[in-house]
Peer 1: 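This is the structure I want to talk about, given as structure tokens.
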Amino acid sequence: MKSGGNKDKPNNPLQGDVILEPFDTLIRKFKSGEYIVSVYGLGHVGAPIASAWLRSGVTVIGVDKSAKVLENARKGLTHIPEPMVNETFTNGLNNNKFLVYDDPIQASRTSKLKMICVPVLIRKNKADLDAVKEVTLAIGTGLKRNDIVSVHPSIPPGTTEKFLIPILEKSSGMRAASDFFVIYNPERIYEGRAIFDIEEGHPGIVSSNDNYSLDLAEKLFGLIYKKGLVKILGIKTAEAEKLFEGVYRDVNIALANELARLSDRLNIDFWQAKKAANSQNFCHIHDPGIGVGGACIPIYPQFILDVAIKNKINCRITKTARTINNDMPSYSLTNALKMLPRKVMRKSKVTILGLAFRGGVSDTRLSPTYDILKELTRLKIKDVIVHDPLVKQDNLILKYKNVELVNNLDYAVTNRDLIVLATNHQEYLKLNASIIGQTPIYDGRGLLNPDEFEKKLYRGIGRPIQP
Ligand SMILES: NC(=O)c1ccc[n+]([C@@H]2O[C@H](COP(=O)([O-])OP(=O)(O)OC[C@H]3O[C@@H](n4cnc5c(N)ncnc54)[C@H](O)[C@@H]3O)[C@@H](O)[C@H]2O)c1
Ligand SMILES: CC(=O)N[C@@H]1[C@@H](OP(=O)(O)OP(=O)(O)OC[C@H]2O[C@@H](n3ccc(=O)[nH]c3=O)[C@H](O)[C@@H]2O)O[C@H](CO)[C@@H](O)[C@@H]1O
């Protein structure tokens, strides 16, 4: 059969003697619970994905390596503060639609569609594929004929084809696009509204290397993406697409940081200039800030740079943007420390507002606040408070003997020598002169209204110094 035929019928079985099920039968079997989806990794991405499938009526197996995550999941809970995830897990357990496995091979044997949602972080400027390798091997070991494997983390272009498919083929003894099917579906969720983003926020991206798997992906993922799907034939292109989104953001933030630093030097109000500039339809200047954190934006450009170096391409803008953004914690702290009252720096009491990498989330991965803490510790400042309304405890902070993590904002801003706002949590909008008294504040996110503070006690990135 040729590709591109009736969407309800498999148009490219590739398998000679084996007849594939019509897509409608396949979907019916997922909906009836005969076919099961397994989600490997119940973190920021996996937990909302599992929830989206559960919400579509499908039976889901959650798999994770962490005993704590599994224990929580069995109670219908997650450590991910995403709206609707806990409720969906709890309903799923009550309806016997949500199953939790600690055996990844058994989960693969039991499920038809296996979704890889474990993290790909960075080690020595290269993608760290250890977790992906581990689950891929387990999935391959339990793989059955006509099963479907779908890959979700953001990864360097070529990873699925060159790294994951060979593991699946070797461990299963079967061939991709013939005996089993591989889909790449990058996640585009914004933490804090993940289920909404999957279901209604953006079109989903589905890709595969053959037409049959791509049509299959469209049919399957149509169950959860209500805003439509963008189909890409060629997984490598889809892997690149996701990284391009991240590079675009990183470069635009770097541009904002560069212009804000110029504005600081010229004593120009960057924020007013930005607002006016963005009133023109083609202009989308981003926000400057104390740093670019999170498990995505600082990492994806590195994947691009690594692959560029291997292919002897000099991605100068991507590289420069990283350098500019990496320098922002140091630049901001230098300006903030200029506000310290004259006294021995080591004896100063400094408060950092925000540990999360951005406002509205409790995720602290690669937060610029860690860079600030490292520098304050190097300067031997002994009394440092970090406040965050959403982060209740943090293992990295425990390593700093000079740093206390607190959730009480009044305590954090009382009787201090300097306050540095590092995260744009909405909770900080209430700060003003009567709350912080005579303590100088450096606004590393341009969040606060300078008019709410005494002129000499407020400085901020891109904010002019008032005479
Ligand atoms: N966080 C986001 O907003 C976001 C958005 C889009 C894409 N992504 C991509 O998704 C990937 C996953 O990110 P995340 O934020 O969900 O990570 P996470 O750390 O929040 O969750 C990962 C989960 O996988 C589990 N895990 C790790 N190794 C495992 C293994 N070998 N077997 C089984 N379980 C294992 C962990 O215990 C954890 O529960 C990222 O690397 C990124 O490429 C993330
Ligand atoms: C391409 C894109 O948009 N991707 C989003 C991004 O989401 P994110 O959760 O990482 O959040 P961001 O808002 O990008 O922030 C990252 C860091 O940059 C700082 N920042 C931000 C905007 C700005 O103008 N100036 C800044 O300084 C901010 O404080 C924070 O530290 O990656 C997810 C995973 O791939 C995507 O799913 C999601 O779509």
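Ligands are counted one by one from 1 in listed order, and the atoms in each one are counted from 1 as well.
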Peer 1: Quick one: which ligand 2 atoms are inside 4.0 Å of a heavy atom on Cys296?
Peer 2: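 Counting atoms of ligand 2 from 1, those under 4.0 Å from Cys296 are 32 (O), 33 (C), 34 (C), 35 (O).
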Peer 1: Looking only at heavy atoms, is any part of Ile189 under 4.0 Å from ligand 2, and if so is it the side chain, the backbone, or both, or is it neither?
Peer 2: backbone
Peer 1: What's the shortest distance from atom 10 (O) of ligand 1 to any protein heavy atom, and which residue and atom give it?
Peer 2: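 Looking at atom 10 (O) of ligand 1, the protein heavy atom closest to it is Val45 CG2, 3.5 Å.
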Peer 1: To check your reading of the model: name the closest protein heavy atom to atom 14 (P) of ligand 1, its residue, and the distance in Å.
Peer 2: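 Of the protein heavy atoms, Arg365 NH1, 3.8 Å lies nearest.
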Peer 1: Looking at non-hydrogen atoms alone, which of Val120, Val39, Val118, Leu42 comes nearest to atom 41 (O) of ligand 1?
Peer 2: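 Of the listed residues, Val120 has the closest heavy atom.
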Peer 1: Is ligand 2 less than 4.0 angstrom away from at least one heavy atom of Met328?
Peer 2: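 Checking ligand 2 against Met328, which is what was asked, there is no heavy-atom contact under 4.0 Å.
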Peer 1: Quick one: sort the His44 and His79 rings into parallel, tilted or perpendicular, breaks at 30° and 60°.
Peer 2: perpendicular
Peer 1: Which of the atoms of ligand 2 are close to Lys242, meaning less than 4.0 Å from one of its heavy atoms?
Peer 2: 34 (C), 35 (O), 36 (C), 37 (O)
Peer 1: What protein heavy atom sits nearest atom 27 (C) of ligand 1, and how far off is it?
Peer 2: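 Of the protein heavy atoms, Pro119 CD, 3.8 Å lies nearest.
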Peer 1: Which heavy atom of the protein is the closest neighbour of atom 38 (C) of ligand 1, given with residue, atom name and distance?
Peer 2: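 For atom 38 (C) of ligand 1, the nearest protein heavy atom is Asp64 OD2, 3.6 Å.
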Peer 1: Which atoms of ligand 1 sit under 4.0 Å from any heavy atom of Glu191?
Peer 2: 1 (N), 2 (C), 3 (O)
Peer 1: Does ligand 2 have any atom sitting under 4.0 Å from a heavy atom of Gly294?
Peer 2: no
Peer 1: Based purely on interatomic distance, does Lys65 place a nitrogen or oxygen under 3.5 Å from a nitrogen or oxygen of ligand 1?
Peer 2: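 Lys65 vs ligand 1: N/O contact under 3.5 Å present.
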Peer 1: Nearest to atom 6 (C) of ligand 1, what protein heavy atom do you find, and at what distance?
Peer 2: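 It is Glu187 O, 3.4 Å.
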Peer 1: State if Pro368 counts as touching ligand 2 under the rule of any non-hydrogen atom under 4.0 Å.
Peer 2: no
Peer 1: Taking only heavy atoms of Ala131 into account, list the atoms of ligand 1 that are under 4.0 Å away from them.
Peer 2: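 Here the atoms of ligand 1 in question are 28 (N), 31 (N).
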Peer 1: Between Glu218 and Lys231, is there a side-chain N and carboxylate O pair less than 4.0 Å apart?
Peer 2: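 Yes, this pair counts.
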Peer 1: At less than 4.0 angstrom from any non-hydrogen atom of Glu134, what atoms of ligand 1 do you find?
Peer 2: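 Answer for ligand 1: 31 (N).
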Peer 1: Just jot down the ligand 2 atoms closer than 4.0 angstrom to any heavy atom of Tyr300, in number order.
Peer 2: 34 (C), 35 (O)
Peer 1: Within the 4.0 Å heavy-atom shell around Cys296, which atoms of ligand 1 are there?
Peer 2: 2 (C), 4 (C), 5 (C), 44 (C)
Peer 1: By number and element, which atoms of ligand 2 are closer than 4.0 Å to a non-hydrogen atom of Arg188?
Peer 2: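 Atoms satisfying the 4.0 Å criterion: 37 (O), 39 (O).
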Peer 1: Please determine whether a side-chain nitrogen of the Lys or Arg among Glu71 and Lys75 lies less than 4.0 Å from a carboxylate oxygen of the Asp or Glu.
Peer 2: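 Looking at Glu71 and Lys75, the cut-off is met.
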